[in-house]
Every structure is written in structure tokens, then in C-alpha cells.
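Here the structure is laid out as C-alpha cells; the discussion comes afterwards.
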Amino acid sequence: GGIPQLPEVLKKEKIGNERKHIIIVGFGMVALSFLEKMLESDKIADQYTLQIVGEENYLAYNRVGLTEYFVHRNSDKLLLSPKEFFENRDPKKWNYTIDEKVTSIDQDSKSVTTSKGNTYSYDILVLSTGSNAFIPYSAITSKLPKSNSIEKFRESGIFVYRTIEDLNSMLHHAEVLLKEKDFKKEGKMKRAIVIGGGLLGLEAAQALKEMEEFENITVVQKTDWLLPQQLDEKGGKLLCESVKSMGITVKCNMTIEELFFDENDGDKITKVRYENGDIEDCQLLCYAIGIRPRDELAETCSLVRSPRGGFTVDDHLQTNDPSIFAIGECASWNNKTFGLIAPGMTMADNLSFNLTQAKNHSPKLFSDPDVGTRLKLMGVDVASFGDYFADISEPKWLPKEKKATNNEGPKTRSLIFEDPIEGKYIKLILTKDGKYLLGGILVGDASNYTKFSALAKSRKPLPLSPSELIINKPGEDGDD
């Protein structure tokens, strides 16, 4: 009980005019959010100087907006902060480098070394290295023994969907290399295939469609429906129908067994064979089958990694080294990593608060984050909120009196509204007596997302009957 203790490294005041130096490794959305929060909350006390070291050759950009890149092809439009923010910085307070990868950490000298041979010293190190798209190397290298990197795979028409560089490579492949061929004359279909029907896969399929270079875009998903991490079967199958109606082929409950390459044409991909034996033309293959935390820096020092990947952190986001913290997709808290932006932003907020404000307040401790999402995929509104699988797995929370009386039978009930004509599906998961909203899934109409999400978070009895929530009042969120 009592007020949680602040880690020792955060208690020390600056000595005289000396400011503590923070190195931030990574220049993604979470790293930039942390930097901006630190600059704001350290304005008066001025205890810190900061430096970001970014591996990509771009300032921090919005990965969520990558689908639009094929339309405007202007990386500046994806910037999270205007260029002036970086150009007008006070270099004595904060600085940044890009196109420079941190390659090792020396915990004894408290310094990092980079791909450019530079060594930067730190008082506090914040790792925000994000994650890599997963790619099944063995399946590809068995056919292409000389290829052992994503750069080599790109030359054969195999990609992942993660960075601006990935998208530029896809564009070059589709517009330059494939333009040289007359597929119709050869009796071939010009097709791009995306393996993976989760968030990234559907974003990749939309991006490829907007490229307008392929006659057919196919999404291959090994489970029975799309977005299995966010949607139940009914919601996922409804989304599947909506995606098909936009001219994209969807193959659920399907995997690709074999890839074919043309040795006479620079080992470019030409065909795929599905598990059912069907063979189809394919000139661009994009893997979107999950992400892996980028924790390889742990190999250069004694930082502890989680068995599932990611730098192991405690509730303060502190690693086993008291001077080193990890935030975002590379941080493993309670043996869990989070591939969504919201938990990363919470981590950035908590750590910046604890570094600047916590001496005078209780520190913010990281706890189970809200992993609900609201997005527009190919024009279809999709959202999940609260404990959206509470009807399938054990509910994460129940009111005290419900725990006592809920020993037998199902602990939840679901209220479902389906409109196959309009393509809408609303599912509210409630306690057995219908008094508390635990979570839910929305497809085709997410206008009530904010209201439903707030009701689930409040853990208070509902102000209306569940049916009134769905049909009585129009959405209060507008169309944003």
C-alpha cells in the first residue's frame, strides 16, 4: 500500500547548472511524443537536455497514414510535427540525428555507439526502437539461397508494409520494373497478393489498390475471417464482404504453400501455390503477418528481454538497468508488448511525467492499457472497445457483487444488432443482468464509439437499457 516509490534515478536533482542528458533511441510516433512532452513539462525546471537518434532517413512520420502515401507520394505530408519545429529547435536543449542507427549500448560508460561511428553519452537512455514486420525468411531463402535480407527480397518482388522505404520500393517495383512487360501478351494476370488479413494487411491492400498498377489485389488470411485480433466471427465476415465489394479478392482460411521465381529475370516472383493446390500469377507479394519488437540492442549489453520479445520493463517502464527505460512497441510489460499506438502514447506520457513532475506527486504507473481501436479500413468504419472478447474469454473485470453470484454459467450476455443491407454490425457485451457495459464491436457504423467506450471505462451502471443504447439515440460522435 501507500504511495509507490520513485526509482532512484528519477529522484536525483541536477547538480548546480548541470542538466541530465537523455538519449532517445528511435524517431517514431512514440519517441516524438515523449520528446514533445518532455520539452513542455521541463520548460521551467530545465533539468534535462535531449537527443534523438533516428535510424530512418526521415523525420518522425505518421505510420497510420502510410496508405495515403501512394496517392500524394510526399513524405512531408506524413510528418507528425511541421518542419519548423525541428528547424527552430534550441540545439542546447535538444537535438536530433537521422539516418543513424544505434548499434550498441555500453552500460558501464553510459554511452551508445552508432552506425556512423559516433559515441553519445547519456545519463538516462530511453529505448523507443519500435518493431519490425515479421517475414518468414526460411520459406523464401529455400527458393532464393542468395537472398538473406529485406533489401534482397525487394529485388524479387517480396515486401513488407512498414516504412516509407518499403512503400517507395513497392512503387519502383510496380511502376518501373513491371512496366517493361506486357502481361496480357504473355496471358498473365497482373496481381499483387497480401499475406495477412489483420490491420496492416488491409492497410497494405488498400495502398496497393490506390497505386492503380494491378488488375487484381488478393488478401490471403489463414483464419476464417478478417481482423481476428479485433473482431468476432460475425464482424470479421461482414468486413470481408465489404472489402470484396470494393473489388479486392479475399481468401480466408487459406495459406500459401510455395513461391515460384523466374531465374531468367533476376529471380522475380511469378506465381504462388495455395494449400488447396491452386496456382496463381503474382508479381508483388507483401507480408503483413505480424510484428516483432526490435530488441536486438540487448545482445550488446545485459538488458533483459521477455521470452516473447521486447525489453522487459516494470510499472515505471524501467529496464533491469536503472538508467535505461523502454517505451512503445519495443517495451515488454508483464510479458506483453503492444502493437497499437495508444499504449505507446500512454507510456511516453507516464515516463515524461515521472522524469519531470513525480518528485512532487505520486509517479504514474503503467497498467493494463486500453487496446480498443477505431479506424476506417477501405471506407468501412471498424471499432472495438473495452473488453471486446469478454464473451469468449474470462471477463477482465466484473462488479464485486457479480463476482460473488457469477460462479455458474456464462458471466456475460451480448446484445447484437445486425443490418446486412446497410452492412452494419453492433455487438455490446454486458454483465449477465445487463446493467454494466464491458465492451463491444462495431462494424459499418462507429458513430457511438466514444460514448460506448466511455461507458465501458466508467464501470458504472448504464443510464439506459442496453437496447435503448443501440436504437434510441443517434450517435453523438459525429463523423470524425
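- The closest side-chain donor-acceptor pair between Asp232 and Tyr425 falls under 3.5 angstrom.
- Using modelled atom types, one finds no donor on one side chain facing an acceptor on the other under 3.5 Å when comparing Thr319 with Asp321.
- In this model, no donor atom of one side chain and acceptor atom of the other lie less than 3.5 Å apart for Thr346 and Asp349.
- Of the charged side-chain nitrogens involved, none lies within less than 4.0 Å of a carboxylate oxygen, so that Arg73 and Glu68 do not count as a salt-bridged pair.
- The ring of Phe353 has its center closer than 6.0 angstrom to the ring center of His361.
- Using a 4.5 Å heavy-atom cutoff, the side chains of Asn335 and Arg308 are in contact.
- Cation-pi geometry between Lys251 and Tyr274 is met: the NZ or CZ atom falls under 6.0 Å from the ring centre, inside 45° of the normal.
- A donor-acceptor contact under 3.5 angstrom links the side chains of Thr223 and Gln221, judged on distance only.
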Quiz item: Step by step, would you call Tyr137 with Phe153 a ring-ring contact (aromatic ring centres under 6.0 Å, His included)?
Solution: CA-CA 9 Å; Tyr137 279 84; Phe153 294 160; 5.3 Å; yes
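- For Ser465 and Glu468, the side-chain atoms include at least one donor-acceptor pair closer than 3.5 Å.
- Both tests hold for Lys190 against Phe214: distance to the six-membered ring centre under 6.0 Å, angle to the ring axis within 45°.
- A donor-acceptor contact under 3.5 angstrom links the side chains of Thr218 and Asn216, judged on distance only.
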Exercise. Might you work through the salt bridge (Lys or Arg N to Asp or Glu O under 4.0 Å) test for Arg305 and Glu296, ending with a clear yes or no?
Key: CA-CA 9 Å; Arg305 290 188 279 192; Glu296 61 269 26; over 6 Å; no
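- Residues Ser169 and His173 are not in side-chain contact: their nearest non-hydrogen atoms beyond the backbone lie 4.5 Å or more apart.
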Quiz item: For Tyr287 and Phe159, what are the C-alpha separation, side-chain angles and deciding distance, and is it a ring-ring contact (aromatic ring centres under 6.0 Å, His included)?
Solution: CA-CA 6 Å; Tyr287 281 99; Phe159 302 88; over 10 Å; no
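- In this structure, a donor-acceptor pair under 3.5 Å is absent between the side chains of Trp333 and Asp314.
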